[in-house]
J.: 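One structure, pasted below without further comment.
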Amino acid sequence: MDLGIRGRTAIVCASSRGLGRGSALALAEAGCDLVVNGRDVKALATTAAEIRERFGVTVTEVVGDVSEPKVQAELLSAAPTPDILINNNGGPPRRDFRELTRQNILDGVVQNMITPIELIRGLVDGMAERRFGRIVNITSLSVYTPIPGLDVSSGARAGLTAFLAGVARTVASRNVTINNLLPGRIDTERLWGGVPKGSSKDAYREQLLVDIPAKRLGTTEEFGHVCAFLCSIHAGYLTGQNIPVDGGRYNSAF
Ligand SMILES: NC(=O)c1ccc[n+]([C@@H]2O[C@H](COP(=O)([O-])OP(=O)(O)OC[C@H]3O[C@@H](n4cnc5c(N)ncnc54)[C@H](OP(=O)(O)O)[C@@H]3O)[C@@H](O)[C@H]2O)c1
């Protein structure tokens, strides 16, 4: 399917590895020029080079922590009139909520709620004026299904979801959509960071698959292609939604 976004410009936050990288690759495959981001210079350069070589699009690298206002300003100046924004970031560390300091909680809220809101605020009016905008926030299945130990992540992302539910309706008439993708157990480095002490990767995989109806982990390619579809011209009537990409793990009829 031609996604109809060839020549569009996309800012993809936290995109040197994992879900962000998968989304960047799928958007480049659809013909988008990209601004990519990550804190590790080498990892970002490797991903950017691969995208240029495979898809021949323009890729601008912005190194740094996307939660920092300076880095956000660099992202926006690298693409002053972007058509697409993919909000992504690292997730807070897994920790019992009793052990969290006030600062830990504030950092998580900045990372997974305030940062995407700030970026959207910086570019949504321009998208509305130009009558095209696609914003996808990579949140988590934990918005729907509690994951003990990831309470800051769940709370901050649920806050983001509620905050943007109203915003999405204010820009829909100008062909700007805002949707959330909820990953559940996609095969990335972060996922394997959860292997319990004393357990093996294989044993952990078995444990992870128990409640996934698809009986496998998702891939970053699958995730990226769902993301690119949400950014396509075909998804213009789809806004304010939460879409799990989880192999059916979210066990609900609605
Ligand atoms: N994988 C899953 O199944 C799953 C499920 C639910 C939620 N999520 C959430 O989805 C997001 C992405 O997860 P992932 O699995 O793709 O993780 P990952 O494999 O660890 O990749 C994270 C990417 O984000 C970059 N990054 C991290 N912190 C950053 C920061 N402060 N500023 C800029 N870039 C940053 C990393 O590069 P640098 O380290 O070089 O900065 C890397 O490119 C996370 O918030 C995670 O909690 C993932």
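Just so you know, these numbers come straight off a predicted model, no measurement behind them.
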J.: What's the spacing between C32 SG and L27 CG if we round to 0.5 Å?
T.: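 Separation between the atoms: 5.0 Å.
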J.: Check this for me, if you would: do R52 and D33 make a salt bridge, where the nitrogen-to-carboxylate-oxygen distance has to be below 4.0 angstrom?
T.: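 So R52 does not pair with D33 through a salt bridge.
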J.: Are L34 and I11 co-members of a hydrophobic cluster defined by side-chain heavy atoms under 4.5 Å apart?
T.: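 As far as the 4.5 Å side-chain criterion goes, L34 and I11 are not connected within one cluster.
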J.: Within the structure provided, determine whether R174 and V171 are in side-chain contact (heavy-atom separation under 4.5 Å).
T.: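 Touching, per the 4.5 Å side-chain cut-off.
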J.: Using 4.0 Å as the upper bound for N to carboxylate O, is an ion pair formed by R98 and D96?
T.: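 Looking at D96 and R98, the cut-off is met.
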J.: Between I86 and L75, is there shared hydrophobic-cluster membership here, with clusters defined by ILVMFWY side-chain heavy atoms closer than 4.5 Å?
T.: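 Unlinked, I86 and L75 end up in two clusters.
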J.: Where do P196 and Y204 come nearest, in terms of heavy atoms and distance?
T.: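 Between these two residues, the closest heavy atoms are CD-CD1, 3.4 Å.
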J.: What verdict does the side chain to side chain donor-acceptor pair (under 3.5 Å) test give for R157 and S153, after you've listed the backbone C-alpha separation in whole Å, the side-chain angles of each residue and the deciding distance to 0.1 Å?
T.: CA-CA 6 Å; R157 297 181 205 270; S153 161; 2.9 Å; yes
J.: Is any side-chain heavy atom of P116 closer than 4.5 Å to one of L119?
T.: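 Result no, sub-4.5 Å side-chain heavy-atom pair not found.
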J.: If you define the side chain from C-beta out and look only at heavy atoms, does anything of L217 sit under 4.5 Å from L209?
T.: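 With C-beta onward as the side chain, the pair touches.
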J.: Using 4.0 Å as the upper bound for N to carboxylate O, is an ion pair formed by R21 and E50?
T.: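 R21 and E50: salt-bridged.
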J.: Between the side chains of E29 and R6, is the shortest nitrogen-to-carboxylate-oxygen separation below 4.0 Å, so that they form an ion pair?
T.: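 Salt bridge absent between R6 and E29.
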J.: Looking at every heavy atom in both P92 and N112, which two are closest together, and how far apart are they?
T.: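 Answer, listing the atom of P92 first, then N112: CD-OD1, 3.0 Å.
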J.: Are R216 and E222 within salt-bridge range, i.e. N to O under 4.0 Å?
T.: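 Looking at R216 and E222, the cut-off is met.
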J.: I want to check something: taking the side chain as every heavy atom from C-beta on, are L208 and R205 in contact at a cut-off of under 4.5 Å?
T.: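 With C-beta onward as the side chain, the pair stays apart.
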J.: Hey, which of I135, I178, L181 is the one that makes side-chain contact (heavy atoms from CB on, under 4.5 Å) with L230?
T.: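 Result: among I135, I178, L181, L181 is the only option passing the side-chain contact (heavy atoms from CB on, under 4.5 Å) with L230.
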J.: How close do L238 and N179 get, heavy atom to heavy atom, and via which atoms?
T.: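 That would be O-ND2, 2.8 Å.
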J.: Is there a path of hydrophobic side-chain contacts, each under 4.5 Å between heavy atoms of I/L/V/M/F/W/Y residues, joining L19 to L191?
T.: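 As far as the 4.5 Å side-chain criterion goes, L19 and L191 are not connected within one cluster.
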J.: Would you call L100 and R95 a side-chain contact if the rule is heavy atoms closer than 4.5 Å?
T.: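 In short, these two side chains touch, coming nearer than 4.5 Å.
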J.: Salt-bridge test for D65 and R39: reply yes if a basic N is under 4.0 Å from a carboxylate O, no otherwise.
T.: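 Salt bridge: no.
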